[in-house]
2 protein chains.
Amino acid sequence: MNKKYSIKDIAELSGVSVATVSRVINNNGRFSEETRKKVLKVIKKTGYQTNFSAKNLRMNKSFSVGILVPDISNYFFANVVQKIEKILFNRGYSTFICNTARDENKELAYLKMLESKGVDGLIIISGAKAFDISKLNSPNKIPFVCIDRKPKDRSNTVFIGSDHYQGAFDATNSLFQAGCKFPIIASHNRSSSSAVDRLNGFKDALSKNGLDFDSSRNQIVITTNDSTNAIDLLLKENPQIDGFFAINDSIATNVLSSLLRLGKEIPKDIKIIGFDDEPQDIHSYPTLSSVKQDTDKIAQVTVDNIIGLIDHTAITGESITIPVKLIQRDSSL
Amino acid sequence: MNKKYSIKDIAELSGVSVATVSRVINNNGRFSEETRKKVLKVIKKTGYQTNFSAKNLRMNKSFSVGILVPDISNYFFANVVQKIEKILFNRGYSTFICNTARDENKELAYLKMLESKGVDGLIIISGAKAFDISKLNSPNKIPFVCIDRKPKDRSNTVFIGSDHYQGAFDATNSLFQAGCKFPIIASHNRSSSSAVDRLNGFKDALSKNGLDFDSSRNQIVITTNDSTNAIDLLLKENPQIDGFFAINDSIATNVLSSLLRLGKEIPKDIKIIGFDDEPQDIHSYPTLSSVKQDTDKIAQVTVDNIIGLIDHTAITGESITIPVKLIQRDSSL
DNA sequence: TTGTAAGCGTTATCAC
DNA sequence: GTGATAACGCTTACAA
């Protein structure tokens with residue numbers, strides 16, 4: 001064999017017209033059972049496969065979607081992207097995964113490319129700035145859903161996010177319940193909307209337990225890898241600190257090892273809870289408590305909505321919050 | 001505006017023919033400087049973008065490649081995929097990232113889909129079984145390169161891999177140099193080619209230091225999450241064990257926490273070295289030594305080769321080994 | 001129930 | 001240096 005089989009080849013081989021073959025393949029229109037069998041047999045024998053470029057061109061639909069993700073080597077992102085991709089594949093869509101590295105220019109370049117490739121929909125994950133689709137010059141706007149990223153114009157998208165506020169609130173509150181008197185929050189210096197929500201949850205849990213939030217004493221921003229000194233300093237100034245709610249597990253792990261290095265006993269002296277429930281949490285010593293996001297649910301809801309928007313069976317303007325779950329392990333007992 | 005601009009629109013708006021517009025866009029064939037300016041101006045004003053479906057159909061080329069990866073939430077894979085995708089994007093290619101979950105059926109389904117979408121090339125990462133492209137019925141075989149995965153037929157691909165053997169050898173050897181008398185290897189139960197190479201490196205380092213490899217005493221297979229008991233047992237039977245070379249950092253972290261739980265002091269009682277140099281290695285306590293793969297290099301070489309194969313400027317049959325580097329941290333001092 | 005043919009947006013061949 | 005036009009493989013009126 002010397003070239004790929006086309007519908008025309010199948011038509012000739014099975015003695016029908018291309019139109020009929022197309023109808024059989026897509027199971028639309030009418031045709032006799034006999035014809036169906038005949039055509040399918042030839043398709044099977046030849047191993048014919050649809051040429052999607054042609055199909056896309058004709059139908060103006062690509063059966064592909066693009067995902068913009070800030071950092072695919074981050075566990076949470078990788079996990080949710082992986083699940084989305086799987087569900088999309090099972091529903092006949094393929095996925096362009098684009099790693100924006102939190103770079104706005106890159107993001108725009110990717111969007112242009114995705115538009116040019118004719119993706120049917122867009123999934124936008126996280127990122128610091130509000131997402132603005134109007135940068136695209138596509139006239140018939142590509143439908144998109146946002147995960148954890150507030151869009152500039154909420155009315156033309158679906159927003160999906162974990163209940164970061166509640167997760168942070170529950171985690172912090174559980175520190176109090178475990179006996180902490182003065183927990184603090186350890187965060188990074190990016191201000192994504194999820195980070196803001198988590199901070200608010202922390203603050204409200206503080207005030208519920210009779211403490212006022214003071215950013216100089218109740219918060220530490222972990223920037224460099226050598227955070228041990230920063231933590232040491234803060235602990236010396238505020239010896240009453242006896243708990244950490246970390247905005248993610250990477251920071252939690254960082255804090256944990258710093259504290260161990262400073263000779264603290266965990267959880268006896270200081271308790272820690274992280275966020276995202278990364279796999280290595282069960283392998284840290286002590287095992288790390290964490291707030292788990294329901295990535296299965298997030299992925300499912302995301303796919304349902306983007307395909308819904310593509311098929312015009314879903315509507316924009318929705319905002320969906322997915323519950324989270326606090327996983328208690330040794331670090332906060 | 002109500003529909004996307006096509007070349008035809010650009011042609012009308014700039015008063016030339018579609019052929020000329022195409023020539024200008026692709027900068028091939030001849031046209032006057034004046035025409036070029038005129039056309040480009042219209043393109044800029046309209047925000048015209050190539051319709052890739054049409055271009056693909058006509059040229060029988062899609063400017064896209066597919067990546068088969070076993071598990072994108074594994075740090076090493078995510079990292080190398082991310083870098084490959086970035087370089088490909090900069091060279092005008094977009095990437096379908098397919099998570100096979102080490103499932104052969106899924107893999108085949110993905111391959112069929114990628115073939116159908118008309119990808120120009122394939123990048124196959126890792127996996128236990130040898131890769132067999134002949135499962136595809138594409139006549140004009142799609143070029144592919146393999147990373148860390150031995151292809152069934154080596155002659156029609158390019159094989160790229162880290163020097164797993166050397167990494168394992170160096171790591172093990174350095175355990176001896178640090179004073180270990182009886183190091184063992186901690187591995188998983190998958191037999192990828194890289195795992196085999198690492199095991200061989202370990203064995204040879206053992207024999208170089210006068211020890212014979214005995215799988216019942218020099219090797220532990222970490223299967224479940226509750227590996228602490230297994231390790232405890234082995235240590236009781238073989239109290240001379242004073243070093244672990246773990247086949248990856250996940251297992252290393254697992255071993256490390258188990259040992260701490262068993263009251264061992266690291267690195268005083270037992271030293272540990274992992275593989276892959278994951279980011280959290282510097283956040284474990286003690287910090288974890290590890291063999292670092294050169295993902296930048298791997299990604300660059302991979303892209304050079306796959307594009308080379310696509311453009312017929314590279315040849316198959318090559319086998320490229322990328323050096324690795326042992327990063328010493330506290331766990332093996 | 002099936003066939004014919006137009007057309008999707010490109011590129012490439014050929015003519016001028 | 002430029003323009004007509006065929007062709008890529010498919011879907012879908014419209015005919016039969």
Side-chain angles (χ1 to χ4, degrees), chain A residues 2-40 42-43 46-64 92 115-120 138-140, chain B residues 2-40 42-43 46-64 92 115-120 138-140:
Chain A
N2 218 354
K3 74 186 268 298
K4 277 192 180 171
Y5 289 98
S6 74
I7 272 198
K8 206 172 156 192
D9 301 320
I10 305 303
E12 278 169 17
L13 287 169
S14 43
V16 298
S17 73
V18 289
T20 302
V21 174
S22 174
R23 283 189 274 254
V24 169
I25 289 174
N26 299 292
N27 201 25
N28 85 36
R30 288 198 303 269
F31 42 84
S32 73
E33 176 61 16
E34 193 193 7
T35 324
R36 199 185 65 90
K37 278 198 187 130
K38 214 166 43 181
V39 170
L40 286 183
V42 175
I43 286 181
T46 53
Y48 164 82
Q49 290 186 256
T50 304
N51 178 322
F52 270 95
S53 295
K55 184 171 186 152
N56 298 349
L57 176 59
R58 175 62 223 230
M59 299 183 72
N60 198 27
K61 179 155 165 44
S62 68
F63 301 96
S64 68
E115 187 181 17
S116 199
K117 294 260 169 170
V119 294
D120 301 327
S138 187
N140 34 359
Chain B
N2 219 353
K3 75 186 268 297
K4 276 192 183 172
Y5 289 99
S6 74
I7 274 198
K8 205 172 156 193
D9 301 321
I10 305 302
E12 278 168 17
L13 287 169
S14 44
V16 297
S17 73
V18 287
T20 302
V21 173
S22 176
R23 283 189 275 254
V24 169
I25 289 174
N26 298 292
N27 201 24
N28 82 36
R30 291 198 304 270
F31 43 83
S32 73
E33 177 59 18
E34 193 195 7
T35 321
R36 200 185 65 90
K37 279 199 186 129
K38 213 163 46 182
V39 170
L40 286 183
V42 175
I43 286 181
T46 53
Y48 164 83
Q49 289 185 257
T50 303
N51 178 323
F52 270 95
S53 295
K55 183 170 187 156
N56 298 349
L57 176 60
R58 175 61 222 229
M59 299 183 72
N60 199 28
K61 180 154 166 40
S62 68
F63 301 96
S64 68
E115 188 181 14
S116 200
K117 294 259 170 170
V119 294
D120 301 326
S138 187
N140 35 359

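Just so we're clear, the structure is a prediction, and the values are computed from it rather than from any experiment. Below, chains carry the letters A, B, ... as their sequence lines are ordered, and counting in each starts from 1.
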Calculate the interatomic distance between [X] atom [atom1] and [N] atom [atom2]; express it in whole Å.
| X | N | atom1 | atom2 | answer |
| --- | --- | --- | --- | --- |
| L57(A) | dT11(C) | CG | P | 12 Å |
| N28(A) | dT2(C) | CG | C1' | 14 Å |
| D9(A) | dC10(D) | CG | P | 9 Å |
| Y5(B) | dG9(C) | OH | C1' | 16 Å |
| K38(A) | dT2(C) | NZ | P | 7 Å |
| N51(A) | dC8(D) | CG | P | 12 Å |
| F52(A) | dT10(C) | CZ | P | 21 Å |
| I10(B) | dT11(C) | CD1 | C1' | 16 Å |

- Message: Check whether N26(A) reaches the backbone of N28(A) with its side chain - one donor and one acceptor, N or O, closer than 3.5 Å.
- Response: no
- Could you tell me whether N56(B) contacts a base, only the sugar-phosphate backbone, or nothing, with contacts defined as non-hydrogen atoms closer than 4.0 Å? nothing
- Task: Show your working on side-chain contact (heavy atoms from CB on, under 4.5 Å) between T46(B) and D9(B) and close with a plain yes or no.
- Result: CA-CA 9 Å; T46(B) 53; D9(B) 301 321; over 6 Å; no
I want to check something: taking the side chain as every heavy atom from C-beta on, are [X] and [Y] in contact at a cut-off of under 4.5 Å?
| X | Y | answer |
| --- | --- | --- |
| N51(B) | K4(B) | no |
| N60(B) | N56(B) | no |
| I43(A) | Y5(A) | no |
| Y48(A) | I25(A) | yes |

Taking only nitrogen or oxygen atoms into account, show me every contact under 3.5 Å that the protein makes with nucleotides 3-7 of chain C, one pair per line with its distance.
| unit_1 | atom_1 | unit_2 | atom_2 | d |
| --- | --- | --- | --- | --- |
| dG3(C) | OP2 | S17(A) | N | 2.7 |
| dG3(C) | OP2 | S17(A) | OG | 3.1 |
| dG3(C) | OP2 | T20(A) | OG1 | 2.8 |
| dG3(C) | N7 | R23(A) | NH2 | 2.7 |
| dG3(C) | O6 | R23(A) | NH1 | 3.1 |
| dG7(C) | N2 | R58(A) | NH1 | 2.9 |

- Query: Are the charged groups of E34(B) and K37(B) less than 4.0 angstrom apart, N to O?
  - Reply: no
With respect to the phosphate group of [N], does any side-chain polar atom (N or O) of [X] fall under 4.0 Å of OP1 or OP2?
| X | N | value |
| --- | --- | --- |
| S22(B) | dT11(C) | yes |
| N26(A) | dT11(D) | yes |
| K55(A) | dT11(D) | yes |

- Nearest-0.5 Å distance, OG of residue S17(B) to CD1 of residue I7(B): 10.0 Å
- Return the residues of residues 30-37 of chain B meeting this criterion: a heavy atom under 4.0 Å from some atom of DNA chain D. Order them by number, or give none. R30(B), F31(B), S32(B), T35(B)
- Evaluate side-chain contact (heavy atoms from CB on, under 4.5 Å) for V119(B) paired with E115(B), printing each intermediate quantity in order. CA-CA 6 Å; V119(B) 294; E115(B) 188 181 14; over 6 Å; no
